[in-house]
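Below, chain A is the first sequence line, B the second, and so on; all start at residue 1.
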2 protein chains.
Amino acid sequence: MQLTDRQKLILTLIIHEHIRTAQPVGSKSLVEKYNLAMSSATVRNEMSALTDYALLRQPHTSAGRVPTEEGYRFFVGNLVQKSGLPTNTRRTITHQFYQSRQDIEQWLRLAASVLANQSQAASLVTAPHAEKAIFKHLELIATRGRQLLMVLVLMGGEIRQQFISLSEPVSQERLSTIAAQISNMCTRCDVEKISRMRFQMDSLGKDILDILIAEMTLIQESTTGEIYLDGMTNVLSEPEFAESDEARQALHILEERSLLESLLASTVMNTDVGGIQVLIGGEGTWQELRQCSIVLARYGDPNTLTGSIGVLGPIRMPYDRTISTVRFVANVLSDLVTETLAV
Amino acid sequence: MQLTDRQKLILTLIIHEHIRTAQPVGSKSLVEKYNLAMSSATVRNEMSALTDYALLRQPHTSAGRVPTEEGYRFFVGNLVQKSGLPTNTRRTITHQFYQSRQDIEQWLRLAASVLANQSQAASLVTAPHAEKAIFKHLELIATRGRQLLMVLVLMGGEIRQQFISLSEPVSQERLSTIAAQISNMCTRCDVEKISRMRFQMDSLGKDILDILIAEMTLIQESTTGEIYLDGMTNVLSEPEFAESDEARQALHILEERSLLESLLASTVMNTDVGGIQVLIGGEGTWQELRQCSIVLARYGDPNTLTGSIGVLGPIRMPYDRTISTVRFVANVLSDLVTETLAV
DNA sequence: TTTTAGCACTCTCAAGGCGAGAGTGCTAAA
DNA sequence: TTTAGCACTCTCGCCTTGAGAGTGCTAAAA
């Protein structure tokens, strides 16, 4: 499909105008609004051609044109100019990150909040997660009676805590010794290696190690880390979600962790860090996202520790700006992660 | 305001019927639906009286009656029978908790999910939080160069992690020694006590301790722990939130952490563990909650470690059932917390 | 005194009709 | 190839209208 420059211009303008107004765009009003050096009839002819290409459609005979999903896809793929964010926006965002607490959780929360505010849509951020769980440190803390708290730190800074009930009370000294022993023995080991060390431990040590192994396996099997959401209410103010049932379906995907995970797994997980993926209208696969688009990116340290970020909004979304924002925030997070978390 | 038994009955039935249908309730249909042993005219007279008491209102002349907020309040305060949850529901819920991982985070997430599903509304759960931060254990883990990871465990199991940049690299051994020293020295101490121990430490130890103190102060100053939400999309399916702007306002309160915190602070924080608080229609104070009701409870170990749970739904909410559910889940969480977390 | 039957009245809601407005496609001229 | 002109189409808001549901009041019945 080869478009003339004029057709590209008109498509771009229609998309811009439609994003602004959420209304079908007519030939005459387009010419007036943008002072085009051609008549509405010419525009009409071009619109007709674009409609033949299935890039535009008419909601009804004799209404203006609206971009189709295909139209948006063409726009995103060929016409969107990678403008980058204005420098003062970049500065504001960077500033927020560097003045927040040095805490990965805060950063992720902040990333979600920034994405939501900048794009006025819903945002999601998953914590960085390693494909392979590598042990770093173990801590055992007696709490009361036979109860103890296990704190497991993985390479890359993932932390898991869990309560354990032992068959009999054990002193804090004994626990500390075991924890130190395991910590020394297993540093930088993966699950398999740790499993092979099991025989070296005494009975209590074996029990602890088993729990540790189970926990590490669990972490390794999960596809993403913790998920942070923000701006869910933003999408409710979009006119296409005025009847809240549409909104419900879309937001439900974010809320239901398993749905979201499989969505991420089948899309952005295959993307390289730095790359951007845009899902428009669910791409035919995701029924619940029929009315939505998602802009996704992957951040982190390729091959070791990565997470996803994304923005969910109406199909009628300012893609250029959203893509720039997502890309920028992904880069900021990548920097923070590689600076502080890397192995 | 003293109501006759018949007036109480009619109020109760109207509320039930309105909750079921979301429609104004008329005298004739009420008599038919519930096979009342009186005529519609009698019901009309009583309705008229209840309207004079401001417990009912007419959306328009000659529509049926709808309960006012005052009507719901009277209902919740006087008429709701504390039925308790059906035993098999209780069993299902308990079962879910005891078969989940022994992890406070999982429990809280599960609690939010159970509340959301049982009540088909939005739910919130805050992590148990101690009024006073009491030190339990510190761990320092070298990551790379001058970076290290500080893991702070408080009495009650609150865990905070933070990255720290030192002025120069320090070996893991040295870090472990310092961590052990601080852990021994400060167990069961509050911020003030720890501050007074500062002089005992060497320069590096002082730096660490300062960060530790800052962190503990921060935790102590925050009014709630981590917040878990679920079922936000449930409220979107209620007919009163069909125009999503109303829904937006209500859900915004949940999403904006600061709003939610001040809401909790001014309500449920003053409630005893085990008590239930019902906010109907924002009680005149919370503009954004005009269309909503919230059922709140406090769980945990009184005076030491408490959190809040709650359900947000439309004013037209099945209060009896919701209250039972919230109370039951609060009890389950209280048990779990006192069993595993208590000091 | 309380309850009920009957009736006139009110108000909403859905359906249908109508005109204004915006947009289109086509044709013929520039 | 572009444009002016024109007939045509479709939506949307507005109005009217009738059905339906509910009310309040009054007078009779219990």
Nucleotide nearest [X] when distance is taken to its side chain, options [options]:
X        : options                  : result
Arg44(A) : dG25(C), dA21(D), dA4(D) : dG25(C)
Met38(A) : dT4(C), dT3(D), dA22(C)  : dT3(D)
Thr61(B) : dT2(D), dT3(C), dT10(C)  : dT10(C)
Ser39(B) : dT23(D), dT4(C), dC11(C) : dT4(C)
Met47(B) : dT24(C), dT23(D), dT4(C) : dT23(D)
Thr42(A) : dT24(C), dT2(D), dT23(D) : dT2(D)

Return no unless some side-chain N or O of [X] is found under 4.0 Å from OP1 or OP2 of [N].
X        : N       : value
Arg65(A) : dA22(C) : no
Ser29(B) : dA21(D) : no
Gln58(B) : dG24(D) : yes

How many whole angstroms separate atom [atom1] of [X] from atom [atom2] of [N]?
X        : N       : atom1 : atom2 : value
His60(A) : dC10(D) : NE2   : C1'   : 7 Å
Glu17(B) : dA21(D) : CD    : P     : 15 Å
Glu32(A) : dG21(C) : CD    : C1'   : 13 Å
Ile10(A) : dT2(D)  : CD1   : C1'   : 12 Å
Asn45(A) : dT3(D)  : CG    : P     : 10 Å
Glu46(A) : dG25(C) : CD    : C1'   : 15 Å
Gln7(A)  : dT2(D)  : CD    : P     : 11 Å
Leu36(B) : dT4(C)  : CG    : P     : 11 Å

message = Counting the atoms with a prime plus P, OP1 and OP2 as sugar-phosphate, which does Ser40(A) contact under 4.0 Å by heavy atoms, base, sugar-phosphate, or nothing?
response =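 Nothing, no heavy atom under 4.0 Å.
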task = Could you walk me through whether Thr325(B) and Val311(B) pass the side-chain contact (heavy atoms from CB on, under 4.5 Å) test, one step at a time?
result = CA-CA 9 Å; Thr325(B) 312; Val311(B) 166; over 6 Å; no
task = Keeping the roles fixed (side chain from Arg316(B), backbone from Ile19(B)), state whether a donor-acceptor pair exists under 3.5 Å.
result =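 Such a contact is found between Arg316(B) side chain and Ile19(B) backbone.
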ask   = Is there a donor-acceptor pair under 3.5 Å between the side chain of Ser308(A) and the backbone N or O of Thr126(A)?
value =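 Side chain of Ser308(A) to backbone of Thr126(A), a donor-acceptor pair under 3.5 Å: no, none is there.
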task = Take Ala41(B) and Ser62(B), find for each the nucleotide of DNA chain D with the closest heavy atom, and name the residue whose nucleotide sits nearer the 5' end.
result =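 That would be Ser62(B).
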ask   = Tell me, do Thr4(A) and Glu46(A) make a side-chain contact under 4.5 Å, heavy atoms counted?
value =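 The answer is yes; the side chains approach within 4.5 Å.
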inquiry  = Contact between Ser29(A) and Glu17(A) at the side-chain level, heavy atoms closer than 4.5 Å - yes or no?
reply    =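 Side chain of Ser29(A) against side chain of Glu17(A), heavy atoms only: no contact under 4.5 Å found.
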request  = Just say parallel, tilted or perpendicular for the rings of Tyr72(B) and Tyr319(B), cut-offs at 30° and 60°.
outcome  =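 The arrangement is tilted - the two ring planes meet at 30° to 60°.
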task = Any strand is fair game: report the nucleotide pairing with dC26(C) by Watson-Crick or G-U wobble, both distances under 3.5 Å, or none.
result =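 dC26(C) is paired, partner dG5(D).
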message = With a 3.5 Å limit on both atom pairs, tell me what dC13(C) is paired to, counting Watson-Crick and G-U wobble, or say none.
response =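 Base-paired to dG18(D).
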